[in-house]
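No hydrogens, no waters, no symmetry mates; every other heavy atom, side chains included, goes into these values. First the proteins, then the strands, lettered A, B, ... as listed; each starts at 1. None of the values given here were measured: they were computed from a predicted structure.
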Protein chains: 2
Amino acid sequence: MVTIKDIAKAAGVSPSTVSRVVSNHPRISKETSDKVKRIMEEMGYHPNVMAKSLVSKTTRTLAILLPRPAEEMFQDFFFGELLRGILTQSTRAGYDMLLTAATSEQDEIDTVARLVLGRRVDGVILLSSRVNDPLIDYLNERDFPSVLIGRADSSHENMLCVDNDNVQAAFDATRHLISQGHERIGFVSGPPNLTLSHDRMQGYLKALEEAGLKARSEWIVEGEFLQESGYRAMSFIMSLPERPTALVVIDDVVAFGVLRGLTELGYKVPKDLSIVSFNNITLSELASPPISSVDIGTYQLGYTASQLLLRIIQEEPVHQRRIVIPHKLVVRDSSISIAPKRS
Amino acid sequence: MVTIKDIAKAAGVSPSTVSRVVSNHPRISKETSDKVKRIMEEMGYHPNVMAKSLVSKTTRTLAILLPRPAEEMFQDFFFGELLRGILTQSTRAGYDMLLTAATSEQDEIDTVARLVLGRRVDGVILLSSRVNDPLIDYLNERDFPSVLIGRADSSHENMLCVDNDNVQAAFDATRHLISQGHERIGFVSGPPNLTLSHDRMQGYLKALEEAGLKARSEWIVEGEFLQESGYRAMSFIMSLPERPTALVVIDDVVAFGVLRGLTELGYKVPKDLSIVSFNNITLSELASPPISSVDIGTYQLGYTASQLLLRIIQEEPVHQRRIVIPHKLVVRDSSISIAPKRS
DNA sequence: GTGAAAGCGCTAACAC
DNA sequence: GTGTTAGCGCTTTCAC
């Protein structure tokens with residue numbers, strides 16, 4: 001392994017001079033600089049990252065903290081897109097990304113403690129936000145540079161967030177169904193401890209209320225971000241004596257489960273049941289029928305989060321503690337009523 | 001930031017004793033150990049990762065080198081599953097994962113040089129293998145611990161690989177179509193510089209040859225791992241005066257593009273064209289009709305690669321330089337002939 | 001402009 | 001069992 005000393009010796013200068021050449025120190029003569037650079041090239045010198053960060057106290061590395069259980073996330077295709085957004089931005093800025101997954105709740109805190117207190121990374125990006133998230137508490141207490149993709153609950157007002165307006169998004173989705181003539185609309189939600197589930201539920205309820213429609217608790221089903229979850233929700237809802245004519249579904253993968261179950265049972269979408277969901281992954285366009293979905297700007301969510309985090313780390317001024325990425329409802333066949341239904 | 005010295009001072013021992021306690025050195029008295037541990041707990045001590053790796057010359061970090069362009073990979077849903085396999089195993093072993101993407105070819109070498117020569121990571125996992133890959137040369141020359149997910153070409157015999165038997169997999173897929181009565185079978189391939197494309201092409205050709213069927217060059221189309229690529233391939237093939245009755249497609253996403261195009265044009269699958277593809281992502285089961293696909297054990301591919309790499313790093317004996325993960329053809333509606341066709 | 005020296009936080013001989 | 005010392009590869013005052 002060739003070190004700064006080896007270069008110094010070969011160039012007949014001191015280690016500090018070599019160090020200065022590497023970091024483009026202003027008052028270093030062009031000659032020495034050129035000579036040292038040539039020798040570095042010849043000897044294949046590369047600075048030792050660990051030694052550098054030991055003294056500089058920065059790592060030029062960010063951590064991505066995967067939600068637990070990570071399985072769901074990976075299965076959800078929009079994760080790849082999110083990752084791509086994060087990676088593009090941070091690579092461009094010269095930062096590396098560390099991917100970490102925790103297994104248990106305790107392990108989650110331990111992992112982040114190791115990264116934060118062990119000065120392993122300069123900042124973290126949190127994916128998915130739960131109500132009363134202990135991780136957010138931990139990071140907040142220590143003032144560690146971090147940004148959340150999602151919304152922090154009210155006890156964490158000063159947490160940096162990149163999020164969608166999920167209340168509005170769900171409102172829009174529900175309004176759309178109402179505009180198609182539906183009056184009996186159900187909601188298939190995700191895990192109740194996620195702020196995401198909570199927000200979308202609010203938007204759904206708000207739209208119903210504004211339209212003077214009543215929400216019925218048996219038309220609201222909670223589950224996971226998994227296909228099976230959609231399948232189960234569908235089974236339950238279709239077994240009700242009084243069924244909704246349309247469904248707002250928390251996630252495309254879940255909607256796919258609903259769609260699949262309906263098809264198996266011989267129901268037609270949108271004729272028997274209309275569907276609108278969220279995230280607009282490739283899958284939703286490819287389903288048959290194609291699923292109407294709210295595009296949440298996944299790539300931009302990741303890209304912006306990474307950008308915001310770097311701004312904090314580099315102590316640049318941050319104007320807003322919460323950045324809202326715009327959403328857009330993409331209407332497809334799954335929610336277009338040919339003949340609007342009446343209750 | 002609380003360091004080993006602070007603990008030493010507070011406990012009235014020397015820094016080395018604290019270091020020994022941290023690393024569970026055998027000959028340290030239970031009393032001091034307990035006392036030091038208690039104080040560490042109280043003061044919230046966590047070892048500085050950088051300082052530790054500077055002296056130990058290990059980082060307990062592995063790099064995942066994303067293929068370029070990474071976009072394709074991310075869009076391909078099986079990437080998430082692969083990542084999950086890698087992450088599960090390495091997290092279990094106490095290693096962190098660094099995710100890196102390069103932009104240009106030169107940048108690719110620079111990136112890996114920085115990681116390798118800068119002692120940033122202990123090993124790398126390469127995703128996707130190209131013919132004559134300069135990265136593999138680079139890593140090989142320096143004897144740097146690395147594992148390739150895929151097959152290295154013949155000039156890199158000693159590269160560690162975790163792979164499928166892609167020749168056999170494509171052979172199986174093609175045989176299946178032949179057994180369904182097809183005699184005119186086309187192949188939609190991926191980028192020609194990937195060993196993967198090459199291997200699957202070989203298997204396809206071999207199956208045709210064994211069955212005494214002739215391969216026709218206009219029935220073989222190369223593209224990317226993208227849906228649009230499948231769409232284009234479909235357009236081309238369906239515009240031929242003499243068309244195949246079945247298609248082997250390099251990847252599920254591409255097959256999806258083919259399927260989608262066919263549906264748009266009013267063709268029926270499998271009646272007008274049968275399809276078999278590879279990877280068996282969730283999508284293939286969900287398509288209509290569901291797509292027959294070769295399951296390549298994606299999770300296991302990632303898990304095993306990570307395991308093998310750690311074995312190398314820890315200098316444990318490695319019995320085989322190439323581990324083959326078994327594949328399995330999952331037959332679905334897209335390739336089941338009700339009425340076998342004759343040319 | 002460049003060199004000498006100290007130190008980042010930790011580990012690992014070598015003493016005793 | 002535990003302390004002392006040197007040093008991992010680098011940066012950064014402080015001299016000159």
Legend entry - Closest non-hydrogen atom pair, A/Arg120 against A/Arg114: CB-O, 4.2 Å
Legend entry - Side-chain N,O (B/Lys57) to OP1/OP2 (C/dT11) below 4.0 Å: no
Inset, instruction - Please list, by residue number, the residues of residues 10-40 of chain A whose heavy atoms come closer than 4.0 Å to an atom of DNA chain D; answer none if no residue qualifies. - result: A/Ser16, A/Ser19, A/Arg20
Inset, instruction - Using chain B heavy atoms and a threshold of under 4.0 Å, write down where along DNA chain D the contacts begin and end, 5' to 3'. - result: D/dG1 to D/dG9
Legend entry - B/Asn158: partners by side chain to side chain contact (heavy atoms under 4.5 Å, CB included), with sequence neighbours left out: B/Asn140, B/Arg321
Legend entry - Interatomic spacing from CD1 in B/Ile125 to CG in B/Leu66 - rounded to 0.5 Å: 11.0 Å
Legend entry - Heavy-atom pair of closest approach, residues A/Tyr45 and A/Ile4: CE1-N, 3.7 Å
Legend entry - Inter-residue atom distance B/Thr59.OG1 - B/Leu98.CG, 0.5 Å rounding: 8.5 Å
Inset, instruction - Round to a whole Å and report the spacing from CG of A/Asn48 to P of C/dC8. - result: 18 Å
Inset, instruction - Return the value, rounded to whole Å, for the distance between atom NZ of A/Lys9 and atom P of C/dA4. - result: 13 Å
Legend entry - Donor-acceptor side-chain pairing of A/Ser16 and A/Ser19 below 3.5 angstrom: no
Inset, instruction - Calculate the interatomic distance between A/Met50 atom CE and C/dT11 atom C1'; express it in whole Å. - result: 16 Å
Inset, instruction - Write down the atom of A/Pro134, the atom of A/Ile109, and the distance for their closest heavy-atom approach. - result: O-CD1, 4.0 Å
Inset, instruction - Take B/Arg84 and B/Glu81 through the salt bridge (Lys or Arg N to Asp or Glu O under 4.0 Å) test and state the conclusion after the steps. - result: CA-CA 5 Å; B/Arg84 193 166 71 85; B/Glu81 189 65 6; 3.0 Å; yes
